[in-house]
**Student:** 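Dropping a structure here in structure tokens format, bear with me for questions.
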There are 2 protein chains.
Amino acid sequence: MAITENTEITEAITDAEWAVMRIVWTLGEADSHTIIDLVSQQHVWKAATIKTLIGRLVKKGALATTKNGRQFIYTPLIPEQTAMDTALTSQLDQMCAMCRGQAFVNAIDQTELSQTDIQELITHLQEKLTTAPTTITCDCLPEGYEGSC
Amino acid sequence: MAITENTEITEAITDAEWAVMRIVWTLGEADSHTIIDLVSQQHVWKAATIKTLIGRLVKKGALATTKNGRQFIYTPLIPEQTAMDTALTSQLDQMCAMCRGQAFVNAIDQTELSQTDIQELITHLQEKLTTAPTTITCDCLPEGYEGSC
DNA sequence: ACTTTACGTTTACAGATGTAAACTCTAATC
DNA sequence: GATTAGAGTTTACATCTGTAAACGTAAAGT
């Protein structure tokens with residue numbers, strides 16, 4: 001019965017917490033010393049600050065702990081890709097539906113992508129094109145109003 | 001000398017404030033009565049709450065005011081598309097560079113896009129493909145460490 | 001066994017954010 | 001001109017975030 005409950009992650013991961021999660025996601029697992037060491041090289045944060053972030057992430061169910069002698073080994077409880085999707089999607093969801101396409105264009109323009117990524121995106125988009133609507137309506141105004149931004 | 005200073009917007013627009021901005025962006029300009037009326041139909045917020053949001057947006061330079069009798073007309077000081085780009089980009093910037101491509105794939109899968117948007121995206125991606133690197137390196141660990149997530 | 005580390009926990013505290021009531025005027029109404 | 005209503009401003013307050021010191025305790029060293 002050592003399996004961790006699959007408690008749904010309710011709270012979102014904050015900006016500062018992302019830095020900690022990225023280390024753990026990349027290493028797969030890490031003790032606090034490692035996390036503090038690596039994060040310290042990327043941010044001007046005191047060890048105490050990073051400890052707080054780790055603690056909050058454990059509390060909100062983003063990191064699991066396994067006792068290992070005097071210390072803990074931390075492992076991610078949510079997949080990195082899931083967290084990224086959630087973050088991006090909730091951001092997009094609060095933006096005008098009509099403008100999201102343009103937002104993607106601009107974001108993609110400013111993001112370095114590998115050939116493989118680009119090709120996969122193109123494939124997905126070509127597939128998506130077959131069932132895409134002609135237009136997307138602006139949803140910035142309440143039900144019953146017509147708008148366009 | 002009635003021109004508003006082009007003060008750079010420093011503070012980001014918060015989630016709740018987005019709701020107000022979307023109304024003003026869509027209408028081009030609006031008085032508080034209109035904003036409160038429309039936002040009230042989308043969120044269970046008291047008029048006082050929406051007033052606060054308007055006030056904060058003015059204070060942080062996202063909305064301009066023009067006196068019109070006893071009241072104000074509010075107009076956006078930052079373009080919607082700019083705000084969207086900034087929000088998306090800052091979100092993406094804190095994520096692993098290597099995983100951003102997949103994040104786009106997933107986000108696009110879950111977003112309704114028009115045929116025109118999709119075609120524009122494909123065009124941009126095809127262009128981007130010509131200069132794209134073979135791979136993007138994971139940048140989750142500090143300088144000098146090799147990682148991959 | 002005693003001391004020193006160092007890991008995790010508690011406490012702290014300012015500023016941001018969500019949410020809203022109270023208050024102050026000025027413009028509109030009687 | 002006195003009154004009222006509605007627009008904007010102030011104040012309020014709990015929670016979340018960023019940032020960190022202080023503390024308790026068990027493991028490690030001597």
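In what follows, chains carry the letters A, B, and so on, assigned in the order in which the sequence lines appear, proteins first and then strands, with residues in each chain numbered from 1.
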**Student:** Measure the distance from CG on B:Leu53 to P on D:dT9 and round it to the nearest whole Å.
**Tutor:** 14 Å
**Student:** Checking B:Asp85 now: which residues fulfil side chain to side chain donor-acceptor pair (under 3.5 Å) with it, not counting sequence neighbours?
**Tutor:** A:Asn106
**Student:** D:dG8 P sits how many Å from B:Leu63 CG, rounded?
**Tutor:** 11 Å
**Student:** Rounded to the Å, how far apart are A:Glu17 CD and D:dG18 C1'?
**Tutor:** 10 Å
**Student:** Write out all pairs satisfying ring-ring contact (aromatic ring centres under 6.0 Å, His included) with one or both partners inside residues 73-124 of chain B, taking only residues at least two apart or from two chains.
**Tutor:**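 Listed once each, the pairs would be none.
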**Student:** Give me the residues of residues 27-42 of chain B where at least one heavy atom lies under 4.0 Å from an atom of DNA chain D, by number, or none.
**Tutor:** B:Ser32, B:His33
**Student:** If a pair satisfies ring-ring contact (aromatic ring centres under 6.0 Å, His included) and one of its residues is in residues 12-34 of chain B, list it, with sequence neighbours excluded.
**Tutor:**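 Found B:Trp18-B:Trp25.
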**Student:** Using the rule that two of Ile, Leu, Val, Met, Phe, Trp, Tyr join whenever any of their side-chain heavy atoms come within less than 4.5 Å, decide whether B:Ile36 and B:Phe72 are in one cluster.
**Tutor:**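 Yes, because B:Ile36 and B:Phe72 connect within a single hydrophobic cluster, where side-chain heavy atoms sit under 4.5 Å apart.
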**Student:** List the residues meeting side chain to side chain donor-acceptor pair (under 3.5 Å) with A:Ser114, not counting sequence neighbours, and say none if there are none.
**Tutor:**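 With neighbours one apart ignored, the set is A:Asp117.
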**Student:** Would you mind classifying the nucleic acid contact of A:Thr14 as base, sugar-phosphate or nothing, using non-hydrogen atoms under 4.0 angstrom?
**Tutor:**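 It contacts sugar-phosphate atoms only.
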**Student:** Identify, with sequence neighbours excluded, every residue that meets ring-ring contact (aromatic ring centres under 6.0 Å, His included) alongside B:His43.
**Tutor:** B:Trp45
**Student:** Go through the side-chain N and O atoms of B:Thr34 and B:Asp37 and say whether any donor and acceptor fall under 3.5 Å apart.
**Tutor:**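 No donor-acceptor contact under 3.5 Å links the two side chains.
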**Student:** First contact, last contact: which nucleotides of DNA chain C are these for chain B, 5' to 3', heavy-atom distance under 4.0 Å?
**Tutor:** C:dT17 to C:dA28
**Student:** What pairs of donor and acceptor atoms, side-chain ones from residues 135-149 of chain B against any protein atom, are under 3.5 angstrom apart with sequence neighbours left out?
**Tutor:**
unit_1   : atom_1 : unit_2  : atom_2 : d
B:Asp139 : OD1    : A:Arg22 : NH2    : 2.7
B:Asp139 : OD1    : B:Ala97 : N      : 2.9
B:Tyr145 : OH     : A:Gln41 : NE2    : 3.3

**Student:** B:Ile50 has an atom CD1; how far is it from atom C1' of D:dG8, in whole Å?
**Tutor:**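 One finds 15 Å between C1' of D:dG8 and CD1 of B:Ile50, rounded.
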**Student:** Does B:Gln91 have any side chain to side chain donor-acceptor pair (under 3.5 Å) partners at least two apart in sequence or in another chain, and if so, which?
**Tutor:** B:Gln94
**Student:** Walk along nucleotides 23-30 of chain D from 5' to 3' and tag each nucleotide B, S or - by protein heavy-atom contact under 4.0 Å, base first, then sugar-phosphate.
**Tutor:** ----SS--
**Student:** Between the side-chain atoms of A:Arg56 and the base atoms of D:dT15, is any donor-acceptor pair under 3.5 Å?
**Tutor:** no
**Student:** Rounded to whole Å, how long is the line connecting atom CD of B:Gln94 with atom C1' of D:dT17?
**Tutor:**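 Spelled out: CD on B:Gln94 to C1' on D:dT17 is 13 Å.
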**Student:** Side chains of residues 50-57 of chain A: which donor-acceptor pairs under 3.5 Å do they make with residues two or more places apart or in other chains?
**Tutor:**
unit_1  : atom_1 : unit_2  : atom_2 : d
A:Thr52 : OG1    : A:Ala48 : O      : 3.1

**Student:** Checking A:Ser90 now: which residues fulfil side chain to side chain donor-acceptor pair (under 3.5 Å) with it, not counting sequence neighbours?
**Tutor:** none
